[in-house]
Every structure is written in structure tokens, then in C-alpha cells.
Amino acid sequence: MPEGPEIRRAADKLAEALQGKTLTEVWFAFPALKIYQAGLTGQSVTRLETRGKALLTHFSGGLVLYSHNQLYGLWRVADTGAIPDTQRDLRVRLVAGQQAVLLYSASDIAMLNEETLTTHPFLSRLGPDALDMSFSAPQAQARLLLPRFRRRQLGGLLLDQGFIAGLGNYLRAEILWQAQLAPQRKAQDLSPDQLRRLGEALLDLPRLSYQTRGQTDDKRHHGAIFRFNVFDREGEPCRRCGAPIERRQLSGRPFFCCPVCQG
């Protein structure tokens with residue numbers, strides 16, 4: 001499933017194609033959304049916003065298209081009239097000028113307005129967004145110690161979008177490796193230094209992934225670039241201590257960790 005950094009980068013690409021431009025065609029696959037096609041045609045996209053793993057497309061008339069890619073959804077930008085070579089099912093097509101934005105395979109799509117944004121069942125349960133630059137590491141530390149979170153094992157907590165939105169399976173593994181913590185640990189049992197490391201990793205790694213993943217020019221980012229230290233590296237040496245990386249099953253998802261320096 002795409003995580004917060006991937007959805008934010010997708011939103012950036014969609015904004016380049018659509019934002020501020022007049023929509024010349026709007027098409028939805030789902031019958032419940034087709035009633036909006038005519039009214040949205042001729043409007044413009046004012047902004048594209050992400051909240052965790054959800055993407056919100058704001059239209060000039062006040063409506064907001066909510067979409068969540070879940071496991072299989074995929075946004076693409078194509079030339080107007082082009083038919084991408086894919087077996088995926090098209091769900092949304094928005095055309096502005098020479099470019100079209102296409103959403104494939106997603107099933108969680110709805111049309112909202114400013115009022116229903118606040119009551120949407122997924123959006124209303126989200127915690128602070130890891131990519132929200134107003135959310136700080138000390139605030140993340142404080143959130144770890146809230147009564148509703150402090151007694152939970154970190155391996156499950158980091159997948160809870162009500163804790164911090166945008167984290168997912170690969171970020172969970174990388175954050176816990178960076179903080180040198182086992183997934184069974186609980187925030188209430190951590191030392192001040194461990195809490196500090198975890199609070200920083202909770203925000204530093206998603207932001208680094210958003211800024212640099214896929215980039216190859218290290219100098220552009222002052223030498224820092226996101227890479228997997230444990231995720232999908234089963235049997236390879238830990239970059240910190242050299243022990244073989246282990247793969248486990250945790251919260252129904254594959255989890256990767258170093259059994260030595262995360263002990």
C-alpha cells in the first residue's frame with residue numbers, strides 16, 4: 001500500500017497537471033459520482049491536499065473529491081486522449097488542456113464538501129500528519145505518552161492512522177530500526193533518550209522519504225537520502241551492527257528488523 005510520502009509525491013504530480021486549469025472533461029466510473037460530472041466540467045482544481053494516505057482534490061465550486069488508494073489504487077498523468085497500456089480498471093478521469101489525470105483500481109472514492117470533510121469516517125479519525133511541518137518531534141513524543149497510546153506495542157501502534165497519519169509498513173520497520181527499538185516495546189517503558197530517538201524518527205524518516213526517495217543526487221539533499229536499512233532486506237547484514245536482518249510476521253504484515261541492535 002502506498003504510504004504518506006508516496007501519496008504526497010503523487011499529489012505534487014497531479015497539481016502540476018491540473019491545478020489552476022479549467023477542466024474540459026470529468027468522468028467517474030461509479031454511478032453515485034456521475035451526477036457531478038457536468039457540474040464539475042468548466043471548474044478548476046484549486047489545490048490537491050493529502051491527509052495521511054488519503055488524497056483530497058479541491059474544486060473551485062467547493063466540492064472535494066476524496067480518494068484512498070488502499071492496496072491497488074494508482075494515479076497516473078497522461079496526455080489527453082492517450083490510452084495507457086494497463087489492465088487496471090479506470091475509476092476517475094480529469095482532463096485539463098493537454099493532460100489527463102487518471103485514477104485506476106481504487107474503490108474508496110467519495111465526493112465531499114467542506115462540512116462533510118469534518119465528519120468523514122476515515123478523515124475524522126486521523127491523527128496528525130507525519131508530513132505536516134507544524135507537527136514537531138516533541139509533540140510526537142508527547143503523543144506517544146497519551147493514555148490511549150502509551151500501553152500499546154510499537155509494532156502495532158505505528159500502523160494506527162489515528163496515532164500519526166501516513167505511516168505504513170515500510171516506514172514502521174525503518175522508524176523502529178532508526179530508534180533502535182523492538183516492536184514489542186511500549187512507550188510507557190521507554191527511557192527519555194529512547195523516547196527522543198523515536199519521536200525524531202517518527203517524523204524524520206517520512207519526510208526524508210518524501211523529499212528524496214527515487215533521487216540519486218545526494219548533493220541536492222546535503223548527502224541525506226532515504227534508503228531501506230531493514231525493510232525487504234531479510235538475511236542481509238544490518239548496516240549498524242552487521243547481524244543478519246530477520247523477517248517476521250507482525251500485525252498481519254511482514255516486518256523486518258535487526259535482532260541484535262533492536263533487542
Any idea which heavy atoms bring [X] and [Y] closest together, and the distance?
X      : Y      : result
Pro254 : Arg247 : CB-NH2, 3.6 Å
Leu181 : Gln194 : CD2-NE2, 3.9 Å
Arg227 : Glu174 : O-OE1, 3.9 Å
Gln70  : Pro2   : O-CD, 3.4 Å
Ala17  : Val77  : CB-CG1, 3.9 Å

Heavy-atom distance under 4.5 Å between the side chains of [X] and [Y], does that happen here?
X      : Y      : value
Leu18  : Lys21  : no
Gln19  : Arg47  : yes
Arg240 : Gln262 : yes
Pro237 : Pro244 : no
Leu154 : Leu144 : yes

Applying salt bridge (charged side-chain N to carboxylate O under 4.0 Å, His left out) to Arg185 and Asp189, what does each step give before you reach the verdict?
CA-CA 7 Å; Arg185 299 295 300 275; Asp189 300 323; 5.9 Å; no

For the pair Ser251 and Arg172, evaluate side-chain contact (heavy atoms from CB on, under 4.5 Å) and give the outcome as yes or no after the intermediate values.
CA-CA 11 Å; Ser251 304; Arg172 168 179 72 162; 3.8 Å; yes

Pair Glu3 + Lys53, salt bridge at N-O below 4.0 Å:
no

Lys/Arg-Asp/Glu bridge criterion (N-O < 4.0 Å) met for Arg9, Asp12:
no

Name each donor-acceptor pair under 3.5 Å that joins a side chain in residues 156-167 to protein atoms two or more places apart or in another chain, with its distance.
from, atom 1, to, atom 2, distance (Å)
Asp160, OD1, Gly162, N, 2.8
Asp160, OD2, Arg152, NH1, 2.7
Gln161, OE1, Gly166, N, 2.8
Gln161, NE2, Leu159, O, 3.4
Gln161, NE2, Leu167, O, 2.8

Other ILVMFWY residues reachable from Leu74 by side-chain steps of under 4.5 Å
none

Rounded to the nearest 0.5 Å, what's the gap from CZ on Arg143 to CG on Leu145? Could you check?
12.0 Å

Residue among Asn229, Leu176, Ile245 satisfying side chain to side chain contact (heavy atoms under 4.5 Å, CB included) with Cys258:
Ile245

Show every salt bridge (Lys or Arg N to Asp or Glu O under 4.0 Å) that has at least one partner inside residues 129-138, sequence neighbours left out.
none

Between Tyr66 and Phe122, how do the two ring planes meet: parallel, tilted or perpendicular, split at 30° and 60°?
tilted

Strictly by ring pair (Phe, Tyr, Trp, His ring centres under 6.0 Å), give each pair with a member in [range] just once, sequence neighbours left out.
range            : value
residues 244-263 : Phe231-Phe256
residues 2-46    : none
residues 69-96   : none

Identify, with sequence neighbours excluded, every residue that meets side chain to side chain donor-acceptor pair (under 3.5 Å) alongside Asp204.
none

Quick one, Arg197 with Gln178, criterion side-chain contact (heavy atoms from CB on, under 4.5 Å). Give me CA distance, side-chain angles, the key distance, then yes/no.
CA-CA 8 Å; Arg197 290 203 309 262; Gln178 182 75 20; over 6 Å; no

If only atom types and distance count, is the side chain of Gln139 paired as donor or acceptor with the main-chain N or O of Ser136 below 3.5 Å?
yes

Measure from the side-chain N and O atoms of Thr212 to the backbone N and O of Phe226, and report whether any donor-acceptor pair falls under 3.5 Å.
yes

For [X], I'd like to know if atom [atom1] has over 12 heavy atoms of other residues, nucleotides or ligands within 6.0 Å.
X      : atom1 : answer
Lys13  : NZ    : no
Ile83  : CD1   : no
Gln184 : CD    : yes

Write out all pairs satisfying side-chain hydrogen bond (donor to acceptor under 3.5 Å, both in side chains) with one or both partners inside residues 116-125, taking only residues at least two apart or from two chains.
Asn113-Thr116

What pairs of residues pass the side-chain hydrogen bond (donor to acceptor under 3.5 Å, both in side chains) test when at least one of them lies in residues 76-86, not counting sequence neighbours?
none

Linking I/L/V/M/F/W/Y whenever their side-chain heavy atoms sit closer than 4.5 Å, directly or via other members, would Leu202 and Val230 fall into one cluster?
yes

Output a table of donor-acceptor pairs, distance under 3.5 Å, between side-chain atoms of residues 94-104 and any protein atom two or more places apart or on a different chain; print 'none' if there are none.
none

Got a list of side-chain donor-acceptor pairs under 3.5 Å for residues 54-64, not counting sequence neighbours?
from, atom 1, to, atom 2, distance (Å)
His58, NE2, Glu49, OE1, 2.8
Ser60, OG, Ser44, N, 3.1

Trace of the side-chain contact (heavy atoms from CB on, under 4.5 Å) decision for Asp108 with Asn69
CA-CA 7 Å; Asp108 190 6; Asn69 283 22; over 6 Å; no

Decide side-chain contact (heavy atoms from CB on, under 4.5 Å) for Met133 and Leu203; before the verdict, give the C-alpha distance in whole Å, the side-chain angles of both, and the deciding distance to 0.1 Å.
CA-CA 9 Å; Met133 298 307 292; Leu203 303 186; over 6 Å; no

Could you work out, with side-chain contact (heavy atoms from CB on, under 4.5 Å) as the rule, every residue matching Glu246, not counting sequence neighbours?
Arg248, Pro259

